[in-house]
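Note sheet for the following structure.
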Amino acid sequence: MQNFAAMPAAVASVPVPDLAALKTRQQGAWASGDYAVVGTTLQIVGETLCEAIDLRAGETVLDVAAGNGNATLAAARRFAVVTSTDYVAALLERGRARAAADGLTVTFQTADAEALPFGNETFDVILSTFGVMFTPNQEAAAGELLRVCRSGGRIGMANWTPEGFICQLFRTMGQHLPPPPGALSPALWGTEARLDALFSVAGTVSIQPKVFTFRYRSPDHWLEVFRTWYGPVHKAFAALPDAGQAALGQDLLALIARFNRATDGTMVVPSDYLEVIVTKA
């Protein structure tokens, strides 16, 4: 499934990091805090993605790197047969509780997006909202999405763009805690060139620019929520001394000030993402 010939030269020439160690580090980050506190605010993205992919009742759906289940619940509400997966079991439990509260039937299974425990061409539809884009081995993850999707099936993703607020958040944190040498940026999944390199060899790729708006009581409220509950931010603050934490906090507030369109003291920050539909040949 890997299409190295089609990869941009800058991507292909990047030194290969220790992917196993990077995955362990990332898994620890996403397992810290409580992503569900932030994730539940993104529910509209899962609903929009299911509409964009034209999900039909009775279709078999796999939600990959599902987190607390936004796309999972959206698909189940449309009477699909849904399997929700993530490599952080605690997040699946949050999704399970949400499904139970809404009276929805969903199968939950711990799974690694780079090595999905399902047969070839098992599912009609694969979904991932701001999930699979964070895998360390991008080619392996893309290959797995394609492998478990049936011929004629669809893969739907929501991926943050490099210029958008969330990827700029990670860039700002990287100035305080540099990522491992050679690690590919998750922001690549928010570029047309990378998506074409990963998926066009096996199907057609349709991309629509979208915006999700973060709405919080104030910039300080956002900072409190993210540093407490959003795993990567939580881990970044925990890894810094007091002075470093103060500096990171100021840089993140400055980042918000660049994006914030509210003038009443609240936070209204648009964050660009790509809505991606891959139709497998």
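Starting from 1, each residue takes its place in the sequence as its number.
Taking 4.5 Å as the limit, some side-chain heavy atom of T85 sits within range of a side-chain heavy atom of F118. With contacts defined as side-chain heavy-atom distances shorter than 4.5 Å, the pair I277/L49 qualifies. P117 has its side chain within reach of Q109: a pair of non-hydrogen atoms, C-beta onward, lies under 4.5 Å apart. Side-chain contact between F212 and I166 is absent, with no heavy-atom pair separated by less than 4.5 Å. Under the 4.5 Å side-chain criterion, counting only non-hydrogen atoms from C-beta, N159 is not in contact with Y273. For the pair L248 and M173, the minimum side-chain heavy-atom distance is below 4.5 Å. A heavy-atom distance below 4.5 Å is not found between the side chains of F165 and P270. The shortest side-chain heavy-atom distance between F214 and F226 falls under the 4.5 Å cut-off.
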- Message: With side-chain contact (heavy atoms from CB on, under 4.5 Å) as the criterion, how do T105 and F79 come out once you've worked through the C-alpha distance, each side chain's angles and the decisive distance to 0.1 Å?
- Response: CA-CA 9 Å; T105 300; F79 303 101; over 6 Å; no
- Task: Show your working on side-chain contact (heavy atoms from CB on, under 4.5 Å) between T129 and M157 and close with a plain yes or no.
- Result: CA-CA 6 Å; T129 55; M157 294 173 286; over 6 Å; no
- Message: Would Y35 and W229 count as a ring-ring contact (aromatic ring centres under 6.0 Å, His included) here? Give the steps.
- Response: CA-CA 6 Å; Y35 172 76; W229 304 116; over 10 Å; no
- Message: Quick one, V45 with F130, criterion side-chain contact (heavy atoms from CB on, under 4.5 Å). Give me CA distance, side-chain angles, the key distance, then yes/no.
- Response: CA-CA 9 Å; V45 176; F130 312 125; 3.8 Å; yes
- Query: So R78 and E51, salt bridge (charged side-chain N to carboxylate O under 4.0 Å, His left out) or not? Walk me through it.
  - Reply: CA-CA 10 Å; R78 290 158 175 81; E51 288 301 305; 2.9 Å; yes
- Item | Evaluation steps, side chain to side chain donor-acceptor pair (under 3.5 Å), between D220 and S218 | CA-CA 5 Å; D220 285 330; S218 67; 5.1 Å; no
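Annotation: F134 is not in aromatic contact with W189 [ring centroid separation under 6.0 Å not met].
Checked by atom type and distance alone, the side chain of Q27 pairs as donor or acceptor with a backbone atom of Y87 at under 3.5 Å. Of the possible donor and acceptor atoms, none in the side chain of T40 sits under 3.5 Å from a partner among the backbone N and O of A36. Judged by distance alone, with hydrogens and angles left aside, the side-chain atoms of D63 form no donor-acceptor pair with the main-chain N or O of N70 at under 3.5 Å. A donor-acceptor pair under 3.5 Å links the side-chain atoms of Q245 to the main chain of L240, judged by distance alone.
Within the structure, salt bridge (charged side-chain N to carboxylate O under 4.0 Å, His left out) pairs that include any residue of residues 94-120 comprise K23-D112, K23-E114, D34-R94, R77-D102, E93-R96 (at least two apart or interchain).
Checked for salt-bridge contact, R147 and E144 meet the test: a charged N lies under 4.0 Å from a carboxylate O. With respect to R171 and E163, no salt bridge is recorded, no charged nitrogen being found less than 4.0 Å from a carboxylate O. Salt bridge absent: R217 and E224 never bring a charged side-chain N and a carboxylate O closer than 4.0 Å. Ionic pairing of D196 and R194 is not present here: no N-O contact between side-chain nitrogen and carboxylate oxygen is shorter than 4.0 angstrom.
Interatomic distance, CG of D86 versus OG1 of T72, reported as 9.0 Å (0.5 Å rounding). The line from SG of C149 to CD1 of I155 is 4.5 Å long, rounded to the nearest 0.5 Å.
Partners of T60 under the side chain to side chain contact (heavy atoms under 4.5 Å, CB included) rule, at least two apart in sequence or in another chain, are V81, F123, D124.
For the side-chain contact (heavy atoms from CB on, under 4.5 Å) with F170, the qualifying choice from P232, P186, S185, P162 is P232, the only one to do so.
Under the 4.5 Å side-chain heavy-atom criterion for Ile, Leu, Val, Met, Phe, Trp and Tyr, V233 and L22 are members of distinct hydrophobic clusters. With hydrophobic clusters built from ILVMFWY side chains whose heavy atoms lie under 4.5 angstrom apart, L92 does not share a cluster with V88.
Other residues, nucleotides and ligands contribute more than 12 heavy atoms inside 6.0 Å of the CG atom of L253.
Between H176 and T172, the shortest heavy-atom distance links the atoms CD2-O, 3.3 Å.
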